[in-house]
Every structure is written in C-alpha cells, then in structure tokens.
Amino acid sequence: MDNVIDNIGVNSLRADPWCIRETGIDPARAFHHETLFALGNGYIGMRGTHEDMSGEPGSTLEGTYLNGFHETEAIHYPENAYGLARINEFMLNVPNAKCMAVSVDGQRVGLESARIVSYERSLDFRQGVLVRTVEWELDGGKRVRIESRRLVCFGRKHVAAIEYRVTALNFGAALRIEASIDSAVTNMQAGDDPRVGSAITGPALLDDGRETTGRGVIVTQRTRNSGFLLGTGIACAASGVAAITASDCADGRAFEATLAQGETLTVHKYIAYVSSRDVAREEVAPLVRSELDRAVQDGFAALAAEQQAYLADFWAQADVEIEGDDALQQGVRFNQYHLLQSVGRDGKTNIAAKGVTGEGYEGHYFWDTEIYVFPFFLFSKPEIARSLLQYRYAGLPKARERARQMSHTRGALYPWRTIAGEECSAYYPAGTAQYHINADVAYSIRLYLMATGDFDFIAEYGAEIVLETARIWTGIGSYDREGCFCINAVTGPDEYTAVVNNNYYTNAMACMHMAFAASIADRLRSERPEDWKRVAAAIGLDDAEIAAWRAACADMRLPYDEALGIHEQDDSFLSKKPWDFANTPAENYPLLLHYHPLVIYRHQVCKQADVVLALLLLSDEFQIDDKRRDFDFYEKVTTHDSSLSSCIFSIIAAEVGYADKAYQYFLETARLDLDNTHANTQYGVHTAAMAGTWLGVAYGFAGMRLTGGGLRFAPTLPAKWQRYAFRVHVHGGLLEVTVDAGATGYRLLNGEALAFTHHGAPVALSQAEPFKRMESQ
C-alpha cells in the first residue's frame, strides 16, 4: 500500500523541556532519530528502532549493545613497526530482543502491507519509558492501533521490558502476536570515515545453544576470539482477552486470540542480557532465567514505577533549570539523560565516546571520560564518578604492560582508546602519542579528592594510579642544554597538530600531575604510614624519584611567545603556515575527511581546544589578560571539527567577558545531537559534548571553579535567560545555585556547613539557612 503520513520530525515540534517527541516517520531522519530515542542503563543500550517496522534493507540501523561486551581482532599493518597496537577491541551488536510481529486474519501489519493513519512517539526524561502509538489501516479498511511502552531498567542492570497493546478499532478478527529474538545480527562495516564502524571479518557471535522455557526462550552465544559467553532471554505473558492461545515460535513465543471490535490484546515481554564478563560462564543462563522470573513476577507496572523513582532521585540532584529558552532547556536535559543512560557504574566499565547508542568509535573509551564526563557525575552523582575511577584502577595491570611495550622500565601508560585495557589505536600519531591521557586520569583523581575529601579512596586505589602514571613523565622527558625539562614527540588534545615537542597542554598537565603525585606521597607518609609503606613497596618507589618529579616541575618548559603575549601550543606551532580558511569550502570540513594528515600537520590549524583547555583545567595558573589573549589567538585558528571543542571555548569566553561568544558556543554544544550539527549523530551520541553542556552552565555562566584554593563562583546571566539553577555535591553536601537578574542565591540542601567565595567574597552556608542571595557583578 501507499504509505504516506505527515512527516513531522522531532526538531519540527515545539520544544518540550522534559521530552522529545515525533509525530511522523521521516525516512531522511530515521537513523538520526534511532539514536535520539535510544534507551540504556549504563549496561544495556537499545537504539530507538521500532519493534515491528523493519522497512527496506538499509532503512534502519538496528543495534543493541552491552557496555564492555566486546570482540577482539588482530590489527594488520601493511608496514609493521615495534610497539604498535596489536589487538582491536570493539563493541558488539548483540541479539535484538525487541522483535514483535502482528498479523490480522493472516495479514502482517507493517510498512509493506498497511498504511499509517496516525503516529506519535515520545521519550519523557522523568519517566524513562519510550512510548509509541501507531494507527494502521489494512486492506479492506480494517484499522488497528498498536501502543508500545519500552524501558531499560536503571535499577536492574540486566533487564529491559516492553508492554505491547493491540486494539481492533473497527472490526472483529483473528489476531496473532509473535515476540521473538533475532540473533542473526552483525556490526557496521568500516567505511571511509575513520570514526565509524569496525573491521570485523565475519560473524562475531557463534551459536552455543537454545532453551525454551514455557514463557519464551534463552539463546546462548559465544564470541569467536575474546572468549565471552552471552545469554539473551525473553519471557512473555499475554492478557486482555478471555481466550488466548500461547505457543512457541521461532526463537520466541506467539499469542493468538479472536478480538471483537474495541478489544485489546496486551503482551508483556521481559528481556535479559547476561555475559561472562559479569559472572562465571556456568552462571550466565541461570542468571538470565532468574532475572526474567523476577521481572515477570513483579510486572511491567512495577518496573515502570522503579524507573520513575530512580529518575526522580537523579533529577533532584542533577537537574539544570533554564528559564528563557525551551529549546535549550530541552537540549540540556536530553544530554544529561543520555549521559545517565550511557555511563558504566560497576567499576568494570566506563563510558564510550558514543555511549551505548551506536557503533561510532567502536565503543571505545577515551580521555573524554576524565576531562568532560567525570566532572558532571562528580558534582551530580559522585558515586558514579567513584566507579569510573575504579575502572581506571582495574586497568592498571594493562597500563603497566603498555608502558613496557613503549620501552618504559617502570610506571603505567593508559591506552588512548580501549575497552578492556589494550591500546586499540592503530594510528599512533593521534593515539598513543597523546601521553596526556595519564595526566587526565590524575587530574580526575585530584578533582575527586578536592570535591569529596575521600582520602580513603586515595589510599586504597588512587595513590597507586597517580604515582605509577607520574613515573612516565620522567621516563619520556629530558633536560635540554638550557636546563629546561622538555617532553618531546607527543600529541596534545589538538589532533590536527601531531607528534610535536613541548605541547603546552601536555607539559602543563604533566607538571600538575607530578606535583600532585609528590603531595600524595607526602600526605600518605604523614597521615597513613602503613598505606604508604604498602604502596611504595608494591611499586618500588623511593624518595629520589619523588625529588626528580619536583625538579622536573620546577624546570618544565612551558612555551610562551613574548611578542604576541600568548602561550604557544608547542615549539613549532607559530612557525607553521596559517591554514587558508578563506579559500576552504564549507563542504571540506571536517578537514580530516578531505586532507592527508601531513597536509594538516604542516599548517597552523587546530581541530579543538588545546591551550584553551589548559586555561580551564589549570585556571589559577593564568591571569585573566593571558586568558583573553590566548582565546583571541586560538579562536581564529580552530575549526571545532571535534565535538569536544565548542564547550571549552564557551567557558573561557564567559570568563574573559565575551558574553555573546560564550552563548553562541554554548548553543552549538547543547543541541549538537538533537540538531545533528556534526552530521554523524546517526552513529551514536557525543557524550563528551553532552557533558560539556553541563560544564558550560556550571563552569561557564556560573564561573564555578574548584581548585586548591577552594570552591568559588563568579555567576553571569545570559541576556536571553530570566533564570538558571543547578546543584552540586561538594564534601557530602548538596548545594543549590540559582542565578536570576541582579542576584545569585545559594542554599545548602543537605550536609555540613560549606564555605566558598562569590566573586571573591567569602560565603558560609549551613543547612539551617534557607536561602542566601548575593548581588551579581
């Protein structure tokens, strides 16, 4: 049949501050919306594909993923070299357990045989349930309404569920609903875009067995190389009609009933995924079965109530309120919600660059976690931040192995991109050469300590990470003829400038790292002598090495151009030919897809914030005039081809008084995925940019900084807003910050007394004080 409906996409509707909604199916936006409407719980990720509308081949990007569950393959180099990454780890597309199929009098209800009369789909960030209603018209004028509700349980790591209701609107007929698992899934193939797809050479999941349970089926599969066993199970129950016949069907369960006009048949489908990354192999199928049994017993309504309660608690701590721009408010909450859906919280998993919403970057974890995502969770859900640090601790053995592969006799070197700890970056100039990953991890531990005061974590886990990774700097650095400590042949955050000497960001962060490591050693020695002895003995650390860190910090080369009054990105950056922006066609961005790397490396051009990022992370080390001059220079040579860039420029623009620029860069970040401004959201969300939105409010407009000098705020109010508010966890307390015209309000919602500064003026709060207003400057 001719399938024509009003194609109104999610971006065409009035912005809803708490929801995204579409009222039509637009094939041109299908892949994009499958990402936007994805559901997850930090472990399971389900793209927003339909349960029952497969469409033509290639019309959908079906995908279900498990955070950390991966396959491995050898990386093949036509020309080999010592120390290159050897094994790639990539996230697998696992069996699709969402599948539903409806037949009326033997006629399948779907795009190939029916017409959509009306359609609406929505995702409310307070409910965590994807809701869809479709009215179909079949041959002969029969109309049927299908309503579905889908959730991935935040409170039950292994469980998802679907409520599926079919109503006969203007007829009586025989109805059949099949609920099944499609286990014949594959991963995307790598194309010309290095950010997308994997190089898998065949099916990654091999069948290992099937078991029917009376309510559904459990399918077990194994990976070819990584050695994991996966169990995927469904259990189904039907209700709503007096006489329902249930039977097994291919990899699922079928329900048949004769419906009178107006009657509804409801099927509840419960889904569980368990892998041997979580439990022993022999426990995989039993845990699938027990999770399904518990879900069936509790019922869909109970799961939905649990979901709502979990999100109510999350928003009570994390919500950012904006009055004056509903589209922006929608973007901010959408980003926060997807971060929650994507982040691992078990200490064994992290957060991928694309979360669990798509196969971009193969499910790898990057420095995005520590520098962008970690602060959001630290100040909103600190227990999740702690789990992210525990993931890095679990990866220390592999980091030590990588250090030895890179000819370091001691210490640990974290991989640039990984899942289980192996370095997976096959292009070392923009991968392994980014040694700053070690300092980024140390920075997050330092920030965690300042925000929580949790020195127990440092003694048990953090100190070993910080000390082992600090060793790498004296391993790769050396003193030049003038007595400066130099770090050569590294790549900073800007991936358009690779393998350079004395990248400013790297050197400055290395200095921070070594100073922090030395201070941790001193504190452990004085406050926790037994822990100090244990850690020092375990890694063979002595006083001479700590002294070498302090000396390297004191003599660190930090490039600065006196004539321009700016911090040089590296020793050679200012000597390069400026990129010809005026004659670069708009379609040639991002540059990495249109120019050989050497062409880009020879020019004075930045992909993203580099020195400008150092201005934020090491804020107290710069004067405001230095920050302004650096911003002015680097803004002119930065393409923002990376989604990690605009949020940092927004924050520094706000700090140096460029209000309009701060707001424009913030807009680019806040709705990056909703509006698909980088034209690749179809392959997954951009988690770093999502977290950068929160940073833009707290660090940017509110001027929040947490440094060795304490917590401080310097709030400003964007001209288009009437008010904004957010909350932060600091030292066990939850502080609410509200900014409106002329004043900033602070309230301590729980915790002990809290001291901080507002525009340099001291502020002290206790929980007994309901609200304290400070005039804005």
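Model, not experiment: these values are computed from the prediction. The basis for the numbers below is simple: all heavy atoms, side chains too, and nothing from hydrogens, waters or symmetry mates.
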Ile487 to Ala510 - nearest heavy-atom pair and separation: CD1-CB, 3.8 Å
Can you confirm whether the side chains of Thr72 and Asn225 place a donor and an acceptor under 3.5 Å from each other? no
Do Phe366 and Tyr361 have ring centres separated by under 6.0 Å? yes
If only atom types and distance count, is the side chain of Thr357 paired as donor or acceptor with the main-chain N or O of Val685 below 3.5 Å? yes
Could you pull out the closest heavy-atom pair between Gly700 and Ala654, with the gap in Å? O-CB, 3.6 Å
Candidate list Arg471, Arg392, Arg400, test salt bridge (charged side-chain N to carboxylate O under 4.0 Å, His left out), partner Glu464, passing option: Arg400
Can you tell me if Asp630 and Tyr504 form a side-chain donor-acceptor pair at under 3.5 Å? no
Would you check if there is a donor-acceptor pair between the side chains of Asn80 and Arg86 at a distance under 3.5 Å? yes
Verify side-chain hydrogen bond (donor to acceptor under 3.5 Å, both in side chains) between Asp522 and Ser519, making sure each step is shown before the conclusion. CA-CA 5 Å; Asp522 288 347; Ser519 70; over 6 Å; no
Is any side-chain heavy atom of Ile648 closer than 4.5 Å to one of Leu616? yes
Under 3.5 Å, side chain of His678 to main-chain N/O of Asn680, donor-acceptor pair present? no
Decide, yes or no, whether a salt bridge links Arg705 with Asp620 under the criterion of side-chain N to carboxylate O below 4.0 Å. no
Restricting to side-chain hydrogen bond (donor to acceptor under 3.5 Å, both in side chains), what partner residues turn up for Trp473, sequence neighbours left out? His513
Have a look at Trp579 and tell me which of Tyr595, Tyr496, Tyr601 forms a ring pair (Phe, Tyr, Trp, His ring centres under 6.0 Å) with it. Tyr595
Please report the closest heavy-atom contact between Ala352 and Thr687, naming both atoms and the distance. O-OG1, 3.0 Å
Taking the side chain from Arg345 and the backbone from Val343, do they hold a donor-acceptor pair closer than 3.5 Å? yes
Within residues 560-589 or reaching into it, pairs that qualify as salt bridge (Lys or Arg N to Asp or Glu O under 4.0 Å) - sequence neighbours excluded: Arg557-Asp571
Could you walk me through whether Asp610 and Asn503 pass the side-chain hydrogen bond (donor to acceptor under 3.5 Å, both in side chains) check? CA-CA 9 Å; Asp610 194 298; Asn503 167 255; 3.2 Å; yes
For Met514, does its backbone N or O pair with a side-chain atom of Arg550 as donor and acceptor, under 3.5 Å? no
Go through Thr432 and Arg402 one step at a time and tell me if the side-chain hydrogen bond (donor to acceptor under 3.5 Å, both in side chains) criterion holds. CA-CA 10 Å; Thr432 297; Arg402 183 57 179 161; 3.0 Å; yes
Are Asp543 and Arg525 close enough for a salt bridge, meaning some N to O gap below 4.0 Å? yes
Could you tell me whether the side chain of Lys348 and the main chain of Arg277 form a donor-acceptor pair under 3.5 Å? yes
Strictly below 4.0 Å, N to O, side chains only: are Asp625 and Arg628 in salt-bridge contact? yes
Donor-acceptor pair, Asn67 side chain versus Asn350 backbone, under 3.5 Å? yes
Going through the checks in order, is the side chain to side chain contact (heavy atoms under 4.5 Å, CB included) test met by Leu598 and Arg602? CA-CA 6 Å; Leu598 285 176; Arg602 293 185 186 117; 3.9 Å; yes
Check ion pair Asp531-Arg523 (N to O, under 4.0 angstrom): no
Using a 4.5 Å cut-off on heavy atoms from C-beta on, say whether the side chain of Leu695 contacts that of Ile651. yes
Close side-chain approach of His364 and Ile419, heavy atoms under 4.5 Å: yes
I want to check something: taking the side chain as every heavy atom from C-beta on, are Thr693 and Phe376 in contact at a cut-off of under 4.5 Å? no
Starting at CG of Leu389, measure out to CD1 of Ile384 and round the result to the nearest 0.5 Å. 12.5 Å
Under the criterion side chain to side chain contact (heavy atoms under 4.5 Å, CB included), I'd like the reasoning laid out for Phe631 against Lys661: C-alpha separation, chi angles, the key distance, then a yes or no. CA-CA 11 Å; Phe631 180 94; Lys661 288 184 177 182; 4.1 Å; yes
Of Tyr634, Tyr665, Tyr589, which is the lone residue that meets ring pair (Phe, Tyr, Trp, His ring centres under 6.0 Å) with His640? Tyr665
Distance-only side-chain donor-acceptor flag, Glu370 / Ser444, under 3.5 Å: no
If we count only N and O atoms by modelled type, under 3.5 Å, do the side chains of Tyr372 and Asp440 hold a donor and an acceptor together? no
Under a 3.5 Å cutoff, is there a donor and acceptor pairing between the side chains of Gln608 and Asp641? no
Any salt bridge linking Arg410 with Glu545? Criterion: basic side-chain nitrogen under 4.0 Å from a carboxylate oxygen. yes
Would you check if the side chain of Thr369 reaches a backbone N or O of Tyr365 as a donor-acceptor pair within less than 3.5 Å? no
Using modelled atom types only, decide if a donor and an acceptor are shared between the side chain of Glu423 and the backbone of Pro415 within a distance under 3.5 Å. no
Taking atom CH2 of Trp549 and atom CG of Leu467, what is their separation to the nearest 0.5 Å? 5.0 Å
Is the side chain of Ser650 donor-acceptor paired with the backbone N or O of Ser646 at a distance under 3.5 Å, no angle test? no
Other residues, nucleotides, ligands: >12 heavy atoms within 6.0 Å of Tyr428 OH: no
Is the gap between the ring centers of Phe90 and His70 under 6.0 Å? no
Can you tell whether the side chains of Glu359 and Lys354 come within less than 4.0 Å, N to carboxylate O? no
Less than 4.5 Å apart, any side-chain heavy atom of Trp416 and any of His436? yes
Do Cys484 and Met556 have side chains that approach each other closer than 4.5 Å (heavy atoms only, starting at C-beta)? no
Under the criterion side chain to side chain contact (heavy atoms under 4.5 Å, CB included), I'd like the reasoning laid out for Ile520 against Leu449: C-alpha separation, chi angles, the key distance, then a yes or no. CA-CA 11 Å; Ile520 286 295; Leu449 179 60; 4.2 Å; yes
Any salt bridge between Glu422 and Arg417, counting N to O under 4.0 Å? no
Side chains of Thr349 and Asp346: is there a donor and an acceptor less than 3.5 Å apart? yes
Ignoring hydrogens and angles, tell me if any N or O in the side chain of Gln604 forms a donor-acceptor pair with the backbone of Ser575 under 3.5 Å. no
Salt bridge (Lys or Arg N to Asp or Glu O under 4.0 Å): which pairs involve residues 495-506, sequence neighbours left out? Glu495-Lys607
Side chains of Val499 and Val490: closer than 4.5 Å at any heavy-atom pair? no
Please report the closest heavy-atom contact between Ser572 and Val500, naming both atoms and the distance. OG-CG1, 4.3 Å
Go through the steps for Ser226 and Glu89 under the test side chain to side chain contact (heavy atoms under 4.5 Å, CB included), then give the verdict. CA-CA 9 Å; Ser226 57; Glu89 302 164 344; over 6 Å; no
Would you say the side chain of Tyr505 lies within less than 4.5 Å of the side chain of Met509, judging by non-hydrogen atoms? yes
